[in-house]
Amino acid sequence: MESLLLGFKESHEDDVVEDKSHSFKLVPWISWDEWNFVKGSLFSSSPDSMNSALQRISTWRSRGCIPVVIEVTASIIEIQQKDPFFRDDLSEDALQSQEMLSMLYCMAIMRLVNGVVEKTRKKTEVSIGEAANAIGIPRMLIDIRHEGSHRELPSLQLVRLASMKALDWLKSYYWEPQEKAIPINETADLRKEIKCRLRELALCLKAKQTSRSSSLQVKGKRVRHMEHLHGHNKFLFLMAGKTSHCKSTGSKKQVTKSLKNILRLYTSFSSEVVYILLELLLKALDSSDFTEHVVESQIGHEKKQTECDDWKCVVLKLSNKEPELLLTLLYAVLEKIETQEEIMRCEIGEHHNLESFANSRQIELLSYLFEWLVENLKTLYPVSHKEPTERKDSLTEPILPKETLLGLLRKCLLLSCPGNKKLMDSALVLAQMTGDNSLLYKLKKFASIWVSNSYIREEISVDSHTKILLSEQEDSIRRAEEKFKVIRHRQMKGTNVKPTDSNVGVNSRWVVAKSWNPCPIGMLPHNLGFSGHLPVLVCNDESREARKVSDSEEHWELNLSGKREADCPIEELDSTFVKKMKENEADCESYDKDDTACEGVMGRLMVDGVWKKVAKEELLTIASAVRLLV
Amino acid sequence: MAETENSSPEIFIPDEWSNAAEAIANNSDSSIPPSVFVCGPKNSGKTTFSRHLLNVLLQRYSKVAYLDTDVGQTEFTPPGLLSLTMVDKVTPDLTIPCLKTPDRCFFFGDISSKRNPTAYLTCIFSLYDHYRKEYCTKNKTDGQDSDGLPLVINTPGWVKGIGYEILVDMLKYMSPTHVVKICISSEIKNLPAGAFWLDEGSTDRVTVIEINSARQDHLKRSLLVQKDSRLLRDLRVMAYFRQCFPSEMNISTIKELARALAAHPPYEISISSVKMKHSHCEVPKTETFYSLNASIVGLAVSSEVSEQLPHCVGLGIVRGIDTFKGLLYVITPVPQQTLEDVDLLLQGFIQIPTCLLQVQGCISPYISANVLSTN
């Protein structure tokens, strides 16, 4: 402990230096959105929204790091809200005396002058007046401070006027400049910046590659390659637009710089970055005249560098630095496939038009991308055959938690529409990565059923429609079984949580979270990755009641329809169910102490299109029946 | 304060000091063990003297009680806590504070008593009562320490204005056997001479020992301390949360600690099973989570007797709140067994060290760039 403290001290001083250069500050708001909300409501004309802003500011006060300018702004506005001069809806007699009001105003103004001026006052300035001039505080406020502390209490008329001047000054001194200084307050700007930065990186990487290959102009093959690259550079240049500072003389330094820029963006806006990167990848894939055939034969003429390869290069570079990027990308791809399928399904039955063709093409592209990403994931996290204890020792080797893999696998399987060989293959790779042999075996078997299915389909193309239906049904039964497993598992947990999960006492209030992904303090972890997401901190009665419903063990709900509508993952089901269950709140009075059960699915079953309550035993019998079917 | 000596490892204990400590330890003619109240202005060396005195007393007694009332620069606990700690080992190195689990502890939740002197005194009186009840009087069941344990009371350096009044209240309540007053060369900053807290005609028997600060260059040092105290507090908080990890784990820099804390699986506790309260302000119920997220809290056990203060088992960081699942995520080094009783989270103004919030690639949302520097 002793040496530890000393060690801390040394490095702390380093950190302080760092602080200055980056000017990071501790703030009481969780996001600039929150700050914007407060600013907007504080200077609105509605007393209600003013009140909500004042309330939030008092919360900020309780966090202990509130800027003094915000505090005094809130004080002045709060006092004005008590002053009938500013409020028509207040009855005169219900209020403070004039004396009291002017004392309040006076104190707020004194705190403003002292609090703000003292901080900015330089040693060379002798008087507070001089210091006030330097930051442009209205002279009237300085005089009121002086009068109020040493002479007669200034009149209400005067301090009222001063309070308005003070607010104007605070707006011009803090609120407005701060609003302008907020880095990116519009998502459009953000998207633009991310896109720009990503292109910059692609360009830099490209340029680096070009210069490297030009230094190796020995083989004719290489020269051809380079020529091709030049053509591409031009294209990227047009795309990159204003990022002209990144000339084609791409040095290692520039690559590192633009890489850093993106990683910085990624840490704060991971989902945006991933989304845009995926968009760019798809676009590139699409424009590179992609067909199933081309991909297959691409291994043959490997040197055919396409724009899509440039983006792949970007992905590889980024994922080397930030391994979780691959995982988030994988999830994003799956989500996209899901939405595409959704759209397809809606269109089926109407007519096979160009749109549906585009959709299936999108899915094709996405599946291709998925396969590629999984391959990369495999190289990034090589399957280790060591014992888990051994693995722990070598901390340098990145370890992919099994839960993450399984989650990905589950989602992949839930989506794998019939005939999508790529997804199935990727699923097999994922299963292999988990190192669970029985799982791999089962999946292989499942895949072989599939292959035979598609084989038949090729032979008898007339029947393909029914085949699709068949395998779709098969699929949904399997899914149903999977869900049952999950439900039963949760149900078990819900009922016997105490003896199985806790190692301390019967009633464990404090339990260590079973799985935890690193994330910044103050945020909640994503399923994977280190970026985390902002928590929802609103605590209104509505959300509490909704929670009550989801808490209750007795009313678990289950969706057994094999239809696609119900095929969203369990987690999503929960949130939609909370909404659906609102009308049933009244009869859900049992409040569950154990919140692990709140993830559970509530005990309802869609039977003939109607939600029906079912008993546990009933569910179990249905479950076994489904298993028999499979 | 002694902590500033960290830069110079050798601490100079003047003869005057060691004589005073010896005199207190060997004052065996009275039947009750000595209770020593150490006071003096900021940066006069109260903590160093207290540490030295502890070591001297430990040569005679197997255990010494230590009542820490300096919430800003705590000795054995992280800041913001008021605690009574049993010390049974000599600390050879006086320069370095070390963490100990206190015998009894309250969460005051601020680094100075000025925000709520009444609550501050209530906690201290309760700790003192606990000492009187458990350790001061002869204990027949425990033959070992039948004489009762000596008590060392360390106090904050706030000796003027309200701070002075608080000191007087403490002295009157505890009536210690010895009061050690450390004086610095600047007369105006010192406490009044003699038994300043006693009313005229009081018959309390007390030995007042006045000693001089060991340091010669006050002005230069006091400037340094002002800057250091926040850093020291941050270090104390970090050393406390370092205990979340086994000591053999290789964490030697702040960055490593911050990274490890961000990755540390927290305790999860359902929102409905704990109460949340701010020690110093009224937070609207709907705003609780905005106030609580990413803040340091005292983990307290609310007592069944309503008048009794909830005692505190340690600090935690509310590292995340999931309102949908109804869970709080708390990081704390307090063992799970002790945590089971905790049903109250007390928020205060113990600021989370900013370096714990800025892990590279994992920066907390409460750390923001582009903040206008207005204060």
Side-chain angles (χ1 to χ4, degrees), chain A residues 1-2 4-9 11-12 15 22-27 30-31 55-56 59 61-65 67-69 116 119 174 177-178 181-183 263 267 504-505 509-513 516 518-524 530 534-540 543 547 551 593 595 598-599, chain B residues 93 96 98-99 231 235 238-239 242 252-255 262-263 265-270 273 278 281 283-284 286-291 293-295 317 319-323 325-327 329 336-337 339-340 349 351 354-358 361-372 374-375:
Chain A
M1 189 59 66
E2 292 166 3
L4 184 87
L5 272 166
L6 288 173
F8 272 177
K9 183 156 186 171
S11 48
H12 190 103
D15 278 13
H22 291 283
S23 78
F24 280 116
K25 261 195 177 158
L26 184 65
V27 292
I30 197 165
S31 63
Q55 235 180 24
R56 182 57 49 81
T59 308
R61 250 183 219 128
S62 79
R63 297 184 64 89
C65 51
V68 70
V69 274
V116 178
K119 297 266 162 54
Y174 172 70
Q178 176 65 85
I182 295 174
L263 289 175
T267 48
V504 180
R509 248 199 297 227
W510 292 78
V511 191
V512 179
W516 189 260
C519 75
I521 287 176
M523 286 181 135
L524 290 171
F530 310 118
L534 291 179
V536 177
L537 296 173
V538 191
C539 148
N540 49 11
S543 70
R547 193 163 56 76
D551 276 354
K593 281 168 262 103
D595 269 275
C598 77
E599 290 172 310
Chain B
D93 192 347
I96 291 142
C98 57
L99 291 162
L231 196 140
L235 287 174
M238 286 186 281
R242 168 65 178 81
S252 51
T253 64
I254 290 174
K255 277 182 187 153
Y267 285 98
E268 52 182 37
I269 175 153
S270 93
S273 66
H278 199 294
C281 17
V283 180
T286 50
E287 300 270 311
T288 317
F289 302 134
Y290 283 94
S291 172
N293 194 22
S295 66
I317 299 173
R319 64 102 62 237
I321 299 170
D322 194 330
T323 46
K325 289 186 185 167
L327 291 175
Y329 296 102
Q336 192 173 19
Q337 213 119 26
L339 278 176
E340 272 318 304
F349 288 107
Q351 202 133 77
T354 49
C355 33
L356 290 187
L357 297 178
Q358 22 189 328
C362 208
I363 293 176
S364 171
Y366 293 101
I367 293 289
S368 186
N370 309 78
V371 181
L372 279 196
T374 52
N375 62 334

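Values below: every heavy atom of this structure, side chains too, minus hydrogens, waters and symmetry copies.
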For this session: Among B:T288, B:V283, B:N293, single out the residue with the greatest number of heavy-atom pairs under 4.5 Å to chain A.
Result: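 Of the candidates given, the most pairs with chain A belong to B:N293.
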For this session: Name the option with the most non-hydrogen atom pairs under 4.5 Å to chain A; the candidates are B:G320, B:A294, B:P266.
Result: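 Looking at each of B:G320, B:A294, B:P266 in turn, B:P266 comes out on top.
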For this session: Please lay out, stage by stage, how A:R509 and B:E340 fare under the test salt bridge (charged side-chain N to carboxylate O under 4.0 Å, His left out).
Result: CA-CA 6 Å; A:R509 248 199 297 227; B:E340 272 318 304; 5.0 Å; no
For this session: Side chain from CB out, backbone as N, CA, C, O: work out which of these in A:R61 comes under 4.5 Å of a heavy atom of chain B, or both, or neither.
Result: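 Backbone only.
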Closest approach of [X] to [Y] (non-hydrogen atoms, all atoms of both residues):
X      : Y      : value
B:P284 : A:T59  : CD-OG1, 4.3 Å
B:L356 : A:I521 : O-CD1, 4.1 Å
A:R63  : B:Y290 : NH1-O, 3.0 Å
B:P365 : A:V27  : O-CG2, 4.5 Å

Close side-chain approach of [X] to [Y], heavy-atom, < 4.5 Å:
X      : Y      : value
B:T286 : A:Q55  : yes
B:S364 : A:M523 : no
A:L26  : B:Q351 : yes
A:P520 : B:R319 : no

Exercise. Does the side-chain contact (heavy atoms from CB on, under 4.5 Å) test come out yes or no for B:F289 and A:V536, once each step is laid out?
Worked result: CA-CA 9 Å; B:F289 302 134; A:V536 177; over 6 Å; no
For this session: Decide side-chain contact (heavy atoms from CB on, under 4.5 Å) for B:H278 and A:S62; before the verdict, give the C-alpha distance in whole Å, the side-chain angles of both, and the deciding distance to 0.1 Å.
Result: CA-CA 8 Å; B:H278 199 294; A:S62 79; 3.6 Å; yes
Exercise. Side chain, backbone, both or neither: which part of B:I321 has a heavy atom under 4.5 Å from chain A?
Worked result: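 Interface part for B:I321: both.
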For this session: Go through the steps for B:E287 and A:L537 under the test side-chain contact (heavy atoms from CB on, under 4.5 Å), then give the verdict.
Result: CA-CA 8 Å; B:E287 300 270 311; A:L537 296 173; over 6 Å; no
